[in-house]
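Only one structure is covered here, and it is reproduced in the block below.
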2 protein chains.
Amino acid sequence: MRDDPDDLHPRGAAPAGGPGQGRSGLDQPRILAAAVRFIDENGLRMLTMQRLGAYLGVEGMALYRYVPGREALLDGVVDTVVDELFSDPDVHLQAHAGWVDYLQRLAHGLRRIALAHPEVFPLVATRPPAAPWVRPPLRSLRWIESLLQVMTDAGFSDENAAAVYRAFSSFLLGSLLLEVSARGVETGPVEEPDVTPTEDLSRYPILQRLEPHLSVDVAAEDFEEALEALLDRIALLLPRRRRPSRLAEGN
Amino acid sequence: MRDDPDDLHPRGAAPAGGPGQGRSGLDQPRILAAAVRFIDENGLRMLTMQRLGAYLGVEGMALYRYVPGREALLDGVVDTVVDELFSDPDVHLQAHAGWVDYLQRLAHGLRRIALAHPEVFPLVATRPPAAPWVRPPLRSLRWIESLLQVMTDAGFSDENAAAVYRAFSSFLLGSLLLEVSARGVETGPVEEPDVTPTEDLSRYPILQRLEPHLSVDVAAEDFEEALEALLDRIALLLPRRRRPSRLAEGN
DNA sequence: ACCTGAACACCGTTCAAGT
DNA sequence: ACCTGAACACCGTTCAAGT
């Protein structure tokens with residue numbers, strides 16, 4: 001995934017930058033933002049070059065002047081959404097009160113993104129990364145650098161910092177994908193009122209009994225608990241010196 | 001994951017199937033099995049009705065006699081792959097030596113499936129579940145029932161059994177999707193030898209320094225460790241009575 | 001400079017027609 | 001009973017032509 005925004009709009013040699021550049025004000029960032037909104041509103045399956053064109057008041061072919069093709073468009077959508085982290089006032093590349101605070105803010109920032117764009121997140125989760133050491137969902141070189149920086153500064157070895165990045169990615173990927181996929185089925189695809197209502201549950205008595213417990217939405221609590229458990233586990237990697245006690249505190 | 005569309009043929013199989021019901025021996029299970037093999041060999045992006053037809057020695061439209069459409073075909077592919085759990089000699093619905101053994105075998109069974117079908121797994125992870133309480137990747141009612149049965153039999157409350165199912169799903173989803181996506185980029189899409197070799201790493205000094213640690217494949221070890229940590233966390237949910245000590249032991 | 005019409009190869013899907 | 005040819009609506013993509 002490209003992380004260099006300059007690479008994305010290579011408009012060389014500053015053009016006439018006045019208010020009226022082009023009739024429709026088409027533009028790569030504008031197209032990507034429109035694509036994100038389109039997916040949010042209509043679902044990924046509805047996104048087609050021609051429909052996105054119409055959404056922007058233009059024929060589909062016009063987009064090819066700004067985007068190399070559909071695949072690149074999807075990559076751009078993923079980058080656009082992940083880059084919202086940079087404008088999240090509660091998440092900062094630099095300022096933080098220790099690695100625990102940093103990872104907590106980062107995790108919550110990514111959760112906000114996933115919940116704001118539930119139809120986009122599966123794309124964030126499954127698009128093949130650009131390099132083997134880029135792990136979804138934190139697929140931005142700047143953020144990976146930042147995380148590794150914070151962890152090594154906090155006293156983690158290089159190896160452990162890398163392990164933390166992997167474990168953190170795995171946690172976020174699992175938690176958030178599970179949450180958006182559960183949310184997605186609530187507001188599911190508008191189907192005919194199933195003739196076989198929810199499949200025959202009578203063959204699964206335990207499932208039937210626990211159904212209330214399984215249907216209740218405790219995703220937020222689950223996320224907090226799993227995050228705390230992960231942070232505790234990470235803290236155990238620190239050299240013995242002065243490991244912050246993280247058992248039972250109230251965040 | 002090939003990108004050039006020539007020569008998409010089954011590796012060893014004769015096009016005409018078994019003893020003759022119908023000329024081509026077409027059949028829903030046979031079509032689904034062929035689809036799985038096709039995706040394994042050519043990647044999900046290459047799967048089209050016409051190519052799958054050709055793969056089976058038939059025109060694409062012939063498939064519509066056995067499968068309602070492409071979406072249903074993909075659902076069937078997911079089910080087919082997950083159902084491999086039933087024929088895994090190391091995983092059993094009933095026989096097991098306690099819940100820890102059960103969850104360990106189940107986790108490793110799903111990991112084997114993910115690694116055997118890395119191109120299918122993203123589908124297992126992201127297809128919208130049929131019901132809100134079905135969580136990927138363990139999206140089989142029989143297995144959900146089995147897991148809940150084992151956990152409640154082991155003394156977990158209904159509520160905790162449900163929480164275990166969610167936490168277990170989240171762990172598997174994150175770990176396995178991360179692993180197959182990393183594996184997928186190793187054997188990535190055959191691209192032109194990037195002119196900008198791996199993007200400009202010089203702007204990310206920590207990333208550059210830790211690159212060896214990030215590139216090394218320790219997915220198996222990471223999986224074991226995260227699984228052990230999860231099992232420890234689950235054990236804490238048990239009533240105080242006689243909780244098996246699970247701190248520091250050799251699997 | 002920017003957009004559109006027309007064209008091409010391919011897709012999913014339906015259905016009458018063949019065997 | 002099972003498969004195919006032909007047809008339809010829609011895709012992604014290219015490119016000459018319009019403005």
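Each chain gets a letter, A, B and so on, in the order its sequence line appears, and its residues count up from 1.
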- Task: For V78(A) and R139(A), run side chain to side chain contact (heavy atoms under 4.5 Å, CB included): C-alpha distance rounded to whole Å, both residues' side-chain angles, the deciding distance at 0.1 Å, then the answer.
- Result: CA-CA 9 Å; V78(A) 167; R139(A) 34 200 321 162; 3.8 Å; yes

V124(A) vs L176(A), test: side chain to side chain contact (heavy atoms under 4.5 Å, CB included). Steps then yes/no.
CA-CA 11 Å; V124(A) 176; L176(A) 298 182; over 6 Å; no

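Between M49(A) atom CE and dT14(D) atom P there is a gap of 10 Å when expressed in whole angstrom units. Separating the CG atom of L52(A) from the P atom of dT13(D) is a distance of 13 Å, rounded to the nearest angstrom. Taking atom CG of residue L47(A) and atom P of nucleotide dC10(D), one finds them 17 Å apart after rounding to whole Å. Rounded to whole Å, atom C1' of dT4(D) lies 6 Å from atom CD of E59(B). Summarising the geometry, the separation between CZ on R30(B) and C1' on dC3(D) is reported as 16 Å, rounded to the nearest angstrom. Between the CZ atom of R51(A) and the P atom of dC10(D) there is a distance of 9 Å, given to the nearest Å. Counting to the nearest Å, the C1' atom of dG12(D) and the CE atom of M61(A) are 11 Å from each other. If you measure from atom CD of E71(B) to atom P of dC11(C), you get 16 Å, rounded to the nearest angstrom.
Phosphate contact (OP1/OP2 of dG12(C), side-chain N/O of Q50(B), threshold under 4.0 Å): present. The phosphate of dC11(C) (OP1 or OP2) has no side-chain N or O of Y64(B) nearer than 4.0 angstrom. In this model, the phosphate group of dC10(C) is not approached by any side-chain N or O of T48(B) to a distance below 4.0 Å at OP1 or OP2. Taking 4.0 angstrom as the limit, Y66(B) places a side-chain polar atom (N or O) nearer than this to OP1 or OP2 of dC3(D).
Residue-level contact check: G60(A) touches neither bases nor backbone, having no heavy atom under 4.0 Å from any strand.
A residue-by-residue look at R65(A) and R70(A) shows that R70(A) has its nearest nucleotide of DNA chain D further toward the 5' end.
The nucleotide dA7(D) finds its pairing partner in dT13(C), both defining distances of the Watson-Crick or G-U wobble pair being shorter than 3.5 Å. Nucleotide dT19(C) is matched to dA1(D) when pairs are restricted to Watson-Crick or G-U wobble geometry with both distances under 3.5 angstrom.
Across all their heavy atoms, F171(A) and A226(A) have their closest contact at CE1-CB, 3.6 Å.
Ion pairing between R166(B) and E179(A) fails under the 4.0 Å rule for side-chain N and carboxylate O.
Figure legend: R183(A) and F121(A) shown without cation-pi pairing, the cationic atom not lying both under 6.0 angstrom from the six-membered ring centre and within 45 degrees of its axis.
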